[in-house]
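Take a look at the structure set out below.
Heavy atoms only: backbone and side chains are in, while hydrogens, waters and symmetry mates are out. We count residues from 1, following the sequence as given.
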Amino acid sequence: MTPRPTRTPARHEARPATPTATWRRTAPLLAVICALSLAATGCAADHDSILDGDVIRIAVQTDQPLIGWENDEGGYEGFDVDTARYIAESLGKDIEWVPILTADRETVLLDDRADLTIASFSITQERKRDIAFAGPYAIAHQDLLVRADDTTITALADIEGRRLCSTRGSNVADRITVEHGVSAVPVEAEDAIDCLDMLIAGEVDVIATDDRILAGLAWQSGGAARLVGAGYSEERLGIGMQQGDTAGCEAVNRAITDMYADGTAELLMRQWFAPAGMDLESIPIPQYEGCA
């Protein structure tokens, strides 16, 4: 079995230097009336703005090396985790961490267990029917991960009829079939590390998801898996939030703007993903969607 991600200085010596926030666990925020600034656009009757209170509940994934995972000390690390810290610091909030897997990214918001979801969450029209998005905070591309010695898969078309692993709650397999007309054999796993275990064991042939996640899995595999470099689809990664909080959404977007303007976003990308061999020659600056 592939070991669960741990903090390994020998393989990842450059720890991102980012603004830090004091974070603690606390009870859910008390219900208050909607801010007057939101009255014109409306707000959910049972949802406060993330700008209210001193604590913000942020859901992050725990199964994605270099993006979001739990270290040996029980803390959380990765690009998305540091992005969460930067945003919370910008908003002047302490963090209550909410650990999730891929399948929980929407439900944790709909069930009011988190205020923000920062977890490799692609912005789609289908998802926007139920939740809102700030951002995007990063641009990724869909790619493929295969065993290092597999030379038979060099492009998306090559996975026709092959066993494709994706995590529960992901729409990757459906999109490959519907949008690209490639019919792989879907195999669902509980989390990304389970997919990596199955790939190395020969139980599946390929993993498909965004290139940041796959770069982390390749790094975690210790050379047993490699990125194909297919780059077949652009993904706008957003910060999920409950609907109706326009002021909160705009505040998060201002924090993301600052993160790119002051160089923190590029620093994080290079310090987290350069050790995995990810191509960082060009780091695109996201163009935001509206918060209405």
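A 4.5 Å side-chain heavy-atom check between Asn71 and Tyr76 finds every atom pair outside the cut-off. The closest side-chain heavy-atom distance from Asp158 to Val182 is not below 4.5 Å. Cys165 has its side chain out of reach of Val206: every pair of non-hydrogen atoms, C-beta onward, lies at least 4.5 Å apart. Taking the side chain as every heavy atom from C-beta outward, Ile139 and Glu234 approach each other to under 4.5 Å. Under the 4.5 Å side-chain criterion, counting only non-hydrogen atoms from C-beta, Glu289 is in contact with Lys128.
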Check against side chain to side chain contact (heavy atoms under 4.5 Å, CB included), Ile56 and Asp94: CA-CA 6 Å; Ile56 188 166; Asp94 295 336; over 6 Å; no
Check against side chain to side chain contact (heavy atoms under 4.5 Å, CB included), Glu77 and Trp69: CA-CA 6 Å; Glu77 294 188 350; Trp69 82 93; 3.9 Å; yes
Ring pair (Phe, Tyr, Trp, His ring centres under 6.0 Å) between Tyr232 and His180, intermediate numbers included: CA-CA 9 Å; Tyr232 59 88; His180 301 281; 5.2 Å; yes
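Using a 4.0 Å cut-off between a side-chain N of Lys or Arg and a carboxylate O of Asp or Glu, Arg162 and Asp150 qualify as a salt bridge. We find that Asp191 and Arg168 are not joined by a salt bridge, their nearest charged nitrogen and carboxylate oxygen being 4.0 Å or further apart. We find that Arg175 and Glu235 are joined by a salt bridge, their nearest charged nitrogen and carboxylate oxygen being less than 4.0 Å apart. Comment: Glu89 does not engage Arg85 in a salt bridge, judged by the lack of any side-chain N to carboxylate O separation of less than 4.0 angstrom.
Using cut-offs of 30° and 60° for the angle between ring planes, the Phe79 and Tyr137 rings count as parallel.
In terms of modelled atom types and a separation under 3.5 Å, the side chain of Asp54 and the main chain of Lys93 share no donor-acceptor contact. Using modelled atom types, no side-chain atom of Arg113 and backbone atom of Arg57 make a donor-acceptor pair closer than 3.5 Å. Using modelled atom types, one side-chain atom of Arg105 and one backbone atom of Thr102 make a donor-acceptor pair closer than 3.5 Å. A distance-only check finds no donor-acceptor pair linking the side chain of Asp174 to the backbone of Asn171 [under 3.5 Å].
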